[in-house]
Visitor: 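Sharing a structure here in structure tokens format.
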There are 2 protein chains.
Amino acid sequence: MPAEAKVDISARPASPPLTERQEARRRRILHASAQLASRGGFDAVQMREVAESSQVALGTLYRYFPSKVHLLVATMQDQLEHMHGTLRKKPPAGETASERVAETLMRAFRALQREPHLADAMVRALTFADRSVSPEVDQVSRQTTAIILDAMGLTDPSPAQLSAVRVIEHTWHSALITWLSGRASIAQVKIDIETVCRLIDLTEPGAAQGNKSQGR
Amino acid sequence: MPAEAKVDISARPASPPLTERQEARRRRILHASAQLASRGGFDAVQMREVAESSQVALGTLYRYFPSKVHLLVATMQDQLEHMHGTLRKKPPAGETASERVAETLMRAFRALQREPHLADAMVRALTFADRSVSPEVDQVSRQTTAIILDAMGLTDPSPAQLSAVRVIEHTWHSALITWLSGRASIAQVKIDIETVCRLIDLTEPGAAQGNKSQGR
DNA sequence: ATCAAGTCTGTAACTTGTTCTAGATTAGCG
DNA sequence: CGCTAATCTAGAACAAGTTACAGACTTGAT
């Protein structure tokens, strides 16, 4: 499945091309953000501290990322790219599409467990984001969709399959939140993921679907 | 299905019984909260304004609700009780359990559409809540579960059914967020709800499930 | 090399959630 | 009624996100 370059193109809004120093600043900021987040989660990412850690004035930080939520969502985009790359190297081994998706998400989940504070910061920012961050959040969503479709081994999904993927993403985000806020165990998240992934089986060609009103 | 009184018991932590004046204050605060939220959503619920609107000192507000998120989650509990009562009066008419659940959730969704700002405030608070609010958020979750099980017409759900309900709740919350932040249309939310509700069909006695690894 | 436009820095100010304090008020009790 | 503990009020104070601004530094074009 050859689809490497496409990601990088859509990743940046690419409005004005950044100079080298600017690219370096941006990278320092994202690094500081991830670092602080890894320590104490959402609350520990304080804009003044991010600015100081990344050797940038507060005003500059806000020029690069117009709010804390923007910053953390961008941090998530960054991490997601890593993740997608990593996952691509070792594709999931399951037989059915739903097994492979569940395996992929559980692998991502285990990665998040290694940095729970970072996960907290990123996921909280994602769900707290208001309309002003929609484009960036959408980008994260597209990236996530791409990862799931990859795991399914699809290049040209049907509408029903896209719906299933949407629901899987919903479940993934919400399950993460319940885990992060201590209301669900790791085992519980696993069950939820496995449960929702069975939706995929319903969309397979041979599956008998006794349904109506599944418009567009 | 006789299960009326139970809700009220678990609804309040019932630590110290409130005096009449205190109950009145609590009610004024919740009312002011809902009112402000209906105007401008999460951001419009400012603690100083809530205090003023409800004729209570700021310190008192914080004594009743230890944070803005606590306040909004309590507001949501309040609204949910209304909702559950309303829904109970006109049970959904669908033939299958999944149809009835989808109908119920869509009805709730339409109610939220009438007060989108209030919905914004409540849902944002719910997903932004950290561990310190877990008990309250859990209470909301239980109430939501009860509504869904009601719609299914179940009193004694199987583990598989509970899993399905959990996933439905995940989808419900997350779909609401995408709608509130303008990243999904009302139609899209409808599709997502209908899609996830088909999971219920998989848990019915006669359903053929070609699955493995569905532990406990 | 020089100039204009755009960036970056350092710092103060403003906003809103949260905490703290000192002095009234209220509730329960003898 | 009169006392004591708890509660409530008004207002200041603090914390962190965000904005504003004046002056220094870069950049790109000439």
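Given the structure is predicted, the values throughout are model-derived calculations rather than measurements. Per chain, numbering begins at 1; letters A, B, ... match sequence-line order.
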Visitor: Quiz question: going by heavy-atom distance under 3.5 Å, is there a donor-acceptor pair between the base of C/dT15 and the side chain of B/R48?
Guide: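 Between C/dT15 and B/R48, which were checked side chain against base, a qualifying N/O pair under 3.5 Å is absent.
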
Visitor: Thinking salt bridges, do B/R107 and B/E103 make one under a 4.0 Å N-O criterion?
Guide: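 Answer for the salt bridge query: yes.
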
Visitor: Judged by modelled atom types alone, do B/R183 and B/S181 share a side-chain donor-acceptor pair under 3.5 Å?
Guide: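 There is such a pair (donor and acceptor under 3.5 Å, judged by atom type) between the side chains of B/R183 and B/S181.
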
Visitor: Answer with base, sugar-phosphate or nothing: what part of the nucleic acid does B/V69 contact at a heavy-atom distance below 4.0 Å?
Guide: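 B/V69: no heavy atom of the nucleic acid under 4.0 Å.
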
Visitor: What is the distance, rounded to the nearest whole Å, between atom CZ of A/F65 and atom P of D/dG17?
Guide: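 That distance rounds to 15 Å.
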
Visitor: Anything under 3.5 Å between a protein N or O and an N or O of nucleotides 21-24 of chain D, put it in a table, one pair a line.
Guide:
none

Visitor: Can you tell me the distance, in whole Å, between the NZ atom of B/K68 and the C1' atom of C/dT19?
Guide: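 Computing the B/K68:NZ to C/dT19:C1' distance gives 17 Å.
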
Visitor: Is it true that the side chains of A/R110 and A/Q113 contain a donor and an acceptor less than 3.5 Å apart?
Guide: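 Judged by distance alone, the side chains do not pair up.
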
Visitor: Taking the side chain of B/Y62 as its heavy atoms from C-beta onward, which of C/dG17, D/dT18, D/dT7 lies nearest to it?
Guide: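 Among the listed nucleotides, the one closest to the side chain of B/Y62 is C/dG17.
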
Visitor: Any ion pair linking A/K190 and A/E194 (charged N to carboxylate O, less than 4.0 Å)?
Guide: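 Counted as a salt bridge, because a side-chain N and a carboxylate O are separated by less than 4.0 Å.
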
Visitor: Distance check needed: C/dT19 P versus B/L61 CG, whole Å only.
Guide: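 After rounding, the reported distance stands at 12 Å.
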
Visitor: Under 4.0 Å between any heavy atoms, over every strand shown, what does B/E20 touch: base, sugar-phosphate, or nothing? Just pick one.
Guide: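 Contact class for B/E20: none.
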
Visitor: Distance only, no hydrogens: is a donor on one side chain within 3.5 Å (strictly under) of an acceptor on the other, for B/E169 and B/S141?
Guide: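 B/S141 and B/E169 do have a side-chain donor-acceptor pair below 3.5 Å.
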
Visitor: Please classify the nucleic acid contact of A/Q55 as base, sugar-phosphate, or nothing, using heavy-atom distances under 4.0 Å.
Guide: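 If one applies the 4.0 Å heavy-atom cut-off, A/Q55 turns out to touch the sugar-phosphate alone, with no base involved.
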
Visitor: Between atom CG in B/L58 and atom C1' in D/dC14, what is the gap in whole Å?
Guide: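 B/L58 atom CG is separated from D/dC14 atom C1' by 13 Å.
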
